[in-house]
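This report concerns only the one structure given below.
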Amino acid sequence: MKTITKLSAIAALVAVVGGCAKFVENNAQPALSDDVLASPVTIYLSNDIITMSDVAPDNISAVAVQDGRILDMGESGEMLSKYANHPNLSVDRQFEDKVLAPGFVEPHLHIWMSGILMSTEFVTPGDWKLPWGDVEGVQTEEAFYERLKEVEANTPEGEPLIVWGYHHYFHGNSLSKAVLNDIAGDRPLIVWHRSFHELFFNDAAIDMLGWEESDWQGESAAYDQLDWERGHAFENGGKIILGDTLKFLVESGRFATGMERSRDYIQAGGITTAVDPGVIATPEMYDQMVSILLDDTFPMDYWLMPAGNFTYSMGGYDADKGKAIAEAQTRNYAGQDQIQWLPKSIKLFSDGAMYSQLMQLKDGYTDGHHGEWLQTPAELEDSMRPYWNDDYTIVIHANGDLGFEKAVEIVEKLNDEFPREDHRTGFHHLGITDVDDIPRAVETGSNFSVNPYYTHVLAELYSEQGVGKERAEVMARGRSFIDAGGLLSLHSDAPMAPAQPLTLIWAAVNRIGLSGETVMGPQERITVDEAMRAMTIDAAYTARLEGEVGSIDIGKYANFVVLDESPYKVEPTAINDITVESTVYRGVPAPINVSNAGMQLTENTKTVMAKVNANHHHHGGHHHHHHHEEGDICGTALFMQHALGQAMSNQSPAIN
């Protein structure tokens with residue numbers, strides 16, 4: 001319950017702080033400026049305030065907020081005395097015994113894609129803790145069909161049903177149109193694979209979407225991955241039918257529900273600033289996303305960035321046309337309120353995904369398969385040049401040491417051609433890196449954003465499969481970037497990893513493998529303070545937002561996260577057990593009902609993930625058989641780019 005005290009000039013003469021009464025004579029009050037007197041002031045009290053500031057003193061126990069920004073800060077008695085004569089002063093004590101820290105800054109996640117996922121019913125192998133209810137995983141074929149029938153029986157009559165989470169490793173290979181017909185009858189039923197890259201439809205769903213058998217037949221190779229008899233669309237076949245499916249999600253209101261849930265899910269981790277590099281959506285999806293997020297309390301800033309590889313391909317691999325399309329996207333898909341396009345920012349790609357073992361490695365894979373380029377080095381350089389020359393901030397997806405090295409070489413080359421003092425190019429993900437390339441990247445003025453969750457869920461497995469112990473132990477480095485003089489941030493790439501900053505901090509500080517028994521590359525661990533900076537002020541720097549958010553400093557937005565314990569005072573291994581009680585966005589508290597929501601790393605889920613990882617193994621380059629088992633979001637984004645490209649071209653005249 002909130003404990004807010006309204007203080008008049010007379011009542012404020014006595015301020016009780018820490019059990020001691022401080023009596024202040026009215027004529028001793030410092031004069032307040034007309035600007036300060038013009039609007040209400042709220043003073044937040046906390047006995048433990050983590051400022052992450054480079055200039056604030058250590059004894060801060062009160063923060064004064066006015067018009068959504070931090071007006072002042074200091075020791076509580078001093079602050080209560082200083083503002084005692086303000087005619088509209090409130091003292092908020094609800095967090096007095098909690099920990100107040102800057103709201104977490106997430107430099108790389110994807111709310112728009114979460115909106116698709118969160119609109120479905122979850123029937124997955126792993127366990128989930130979500131703001132709207134817990135979901136217990138099911139791991140056998142029998143249990144999957146039993147749960148599917150249960151969900152169907154609880155769905156109102158006549159309402160279509162979409163289920164996400166089927167996984168053939170756990171739930172068998174018997175799923176088909178006929179099976180779904182038996183379960184749902186006349187109800188449209190769609191089952192989405194855990195990887196997002198496969199869908200199954202019953203007859204009623206096919207009728208609802210207006211398809212005939214001829215719609216699933218054609219000349220291109222993609223049609224070979226549509227199976228009408230099974231009602232099964234997979235990989236490239238999914239790109240053909242995904243547009244109609246997404247249109248249904250938007251028009252039926254399901255995408256709206258997913259966005260509402262995504263909003264709650266992201267906030268539950270204590271995030272008040274989110275950066276989404278690589279937004280791809282139809283105009284209808286975008287408009288609905290903005291409308292839904294802003295329809296109710298949306299206690300965060302959501303910064304968007306176009307996917308430059310997508311616009312590059314839409315422009316026929318003409319770099320200038322690709323840039324023009326990206327800029328048209330930011331004009332046509334207008335920002336509103338706290339949902340805005342990050343000025344002059346773009347996302348580009350180097351090599352393939354970590355979960356898929358498709359990153360490009362200098363020494364290759366131990367099993368002989370090879371990685372892939374999402375943009376070849378030549379394409380990356382060509383597409384990047386016009387952005388570089390126009391003073392853009394560029395985010396580069398790079399996962400393997402070869403992918404990272406080639407991207408660094410391109411930045412070096414462009415910087416030689418057209419030197420820039422403060423370009424802030426960011427290399428993101430950084431699963432496997434060669435330590436010798438890091439100082440080169442630092443020298444260019446680039447920064448680094450690591451997904452530390454890789455270490456937890458993949459390092460032990462990759463030590464044995466595909467990568468080898470020497471490289472796998474130091475995946476998602478931390479210490480090497482900082483010791484080389486680089487600026488490091490942490491990110492989730494959610495929903496690829498949980499949108500839980502405390503979990504990311506825990507992973508980077510401890511580097512504990514999935515078994516819970518092994519520390520992977522202890523020499524790459526970072527301190528709690530370094531990890532906290534990497535999720536606050538240093539993350540803000542990467543997006544050029546450090547002047548507005550990321551620390552508790554006068555003049556910045558009053559964005560806070562409220563914790564029940566301090567990451568600095570608990571055992572490092574217990575950081576991910578800290579409860580996020582609330583956020584404060586621009587001075588307004590936003591309580592959290594379910595802290596640290598997302599997939600739960602229960603013993604059951606650890607077993608599930610270990611099995612997925614063990615089966616998710618490539619041999620001899622047969623990549624056309626692979627699945628992005630863990631919801632590899634960048635791979636999924638590329639999958640959606642192809643499906644949505646035509647729709648965007650047709651519906652956005654300025655992009656044509």
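Model, not experiment: these values are computed from the prediction. Just the heavy atoms: all of them, side chains too, but no hydrogens, waters or symmetry mates, feed the values below.
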Parallel, tilted or perpendicular, as decided by the 30° and 60° cut-offs, for the rings of H193 and H168: tilted
Which of parallel (below 30°), tilted (30 to 60°) and perpendicular (above 60°) describes Y317 and Y312? perpendicular
In terms of heavy-atom contacts, does [atom1] of [X] have more than 12 from other residues, nucleotides or ligands at under 6.0 Å?
{"X": "E150", "atom1": "CD", "result": "yes"}
{"X": "E212", "atom1": "CD", "result": "no"}
{"X": "D224", "atom1": "CG", "result": "yes"}

Is there a donor-acceptor contact under 3.5 Å from the side chain of [X] to the main chain of [Y]?
{"X": "R331", "Y": "A326", "result": "no"}
{"X": "Q288", "Y": "V250", "result": "yes"}
{"X": "N202", "Y": "N181", "result": "no"}
{"X": "T455", "Y": "M475", "result": "yes"}
{"X": "S515", "Y": "E517", "result": "yes"}
{"X": "Y365", "Y": "Q357", "result": "yes"}
{"X": "T245", "Y": "I241", "result": "yes"}
{"X": "D276", "Y": "V279", "result": "no"}
{"X": "R261", "Y": "A256", "result": "no"}
{"X": "E372", "Y": "L358", "result": "no"}

Using side-chain heavy atoms (C-beta onward) and a distance below 4.5 Å, is [X] in contact with [Y]?
{"X": "I505", "Y": "F104", "value": "yes"}
{"X": "L563", "Y": "V561", "value": "yes"}
{"X": "V163", "Y": "I190", "value": "no"}
{"X": "P283", "Y": "Y333", "value": "yes"}
{"X": "L189", "Y": "F201", "value": "no"}
{"X": "M354", "Y": "H429", "value": "no"}
{"X": "I162", "Y": "E121", "value": "no"}
{"X": "D367", "Y": "Q465", "value": "no"}

Quiz question: by atom type and distance under 3.5 Å, do the side chains of [X] and [Y] form a donor-acceptor pair?
{"X": "T583", "Y": "Q267", "result": "yes"}
{"X": "D493", "Y": "Y453", "result": "no"}
{"X": "H108", "Y": "S449", "result": "no"}
{"X": "S492", "Y": "E106", "result": "yes"}
{"X": "W211", "Y": "D244", "result": "yes"}
{"X": "N399", "Y": "Y454", "result": "yes"}
{"X": "S174", "Y": "Y145", "result": "yes"}

Determine the minimum heavy-atom distance between I111 and Y302, stating which atoms define it.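 Looking at all heavy atoms of both residues, the closest pair is CB-OH, 3.4 Å.
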Identify the two heavy atoms, one from H491 and one from P452, that lie closest to each other, and give their separation to 0.1 Å.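 So the minimum-distance heavy-atom pair works out to O-CD, 3.7 Å.
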Pair R187, E159 - check salt bridge (Lys or Arg N to Asp or Glu O under 4.0 Å), show working. CA-CA 7 Å; R187 180 196 305 281; E159 182 177 310; over 6 Å; no
Residues two or more places apart in sequence or in another chain: which of them pass ring-ring contact (aromatic ring centres under 6.0 Å, His included) with F248?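 Checked F248 against ring-ring contact (aromatic ring centres under 6.0 Å, His included); zero matches.
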Check: H428 ring centre within less than 6.0 Å of H397 ring centre: no
Aromatic ring centroids of W192 and Y166 under 6.0 Å?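 No, they do not, as the ring centres are separated by 6.0 Å or more.
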Rounded at 0.5 Å granularity, tell me how far [atom1] in [X] sits from [atom2] in [Y].
{"X": "S262", "Y": "I292", "atom1": "OG", "atom2": "CD1", "value": "11.5 Å"}
{"X": "D227", "Y": "E229", "atom1": "CG", "atom2": "CD", "value": "7.0 Å"}
{"X": "I240", "Y": "Q217", "atom1": "CD1", "atom2": "CD", "value": "11.0 Å"}

Determine, step by step, whether I271 and L109 satisfy the side-chain contact (heavy atoms from CB on, under 4.5 Å) criterion, reporting the C-alpha distance in whole Å, the side-chain angles of both residues, the deciding distance to 0.1 Å, and the verdict. CA-CA 11 Å; I271 296 168; L109 51 61; 4.1 Å; yes
Verdict with supporting geometry, L294 and Q336, side-chain contact (heavy atoms from CB on, under 4.5 Å): CA-CA 9 Å; L294 297 180; Q336 296 181 41; 3.8 Å; yes
Apply side-chain contact (heavy atoms from CB on, under 4.5 Å) to residues V562 and V580 and explain how you reach the verdict. CA-CA 6 Å; V562 183; V580 180; over 6 Å; no
I would like to know whether W112 and L304 meet side-chain contact (heavy atoms from CB on, under 4.5 Å); could you show each step before the answer? CA-CA 10 Å; W112 64 276; L304 316 179; over 6 Å; no
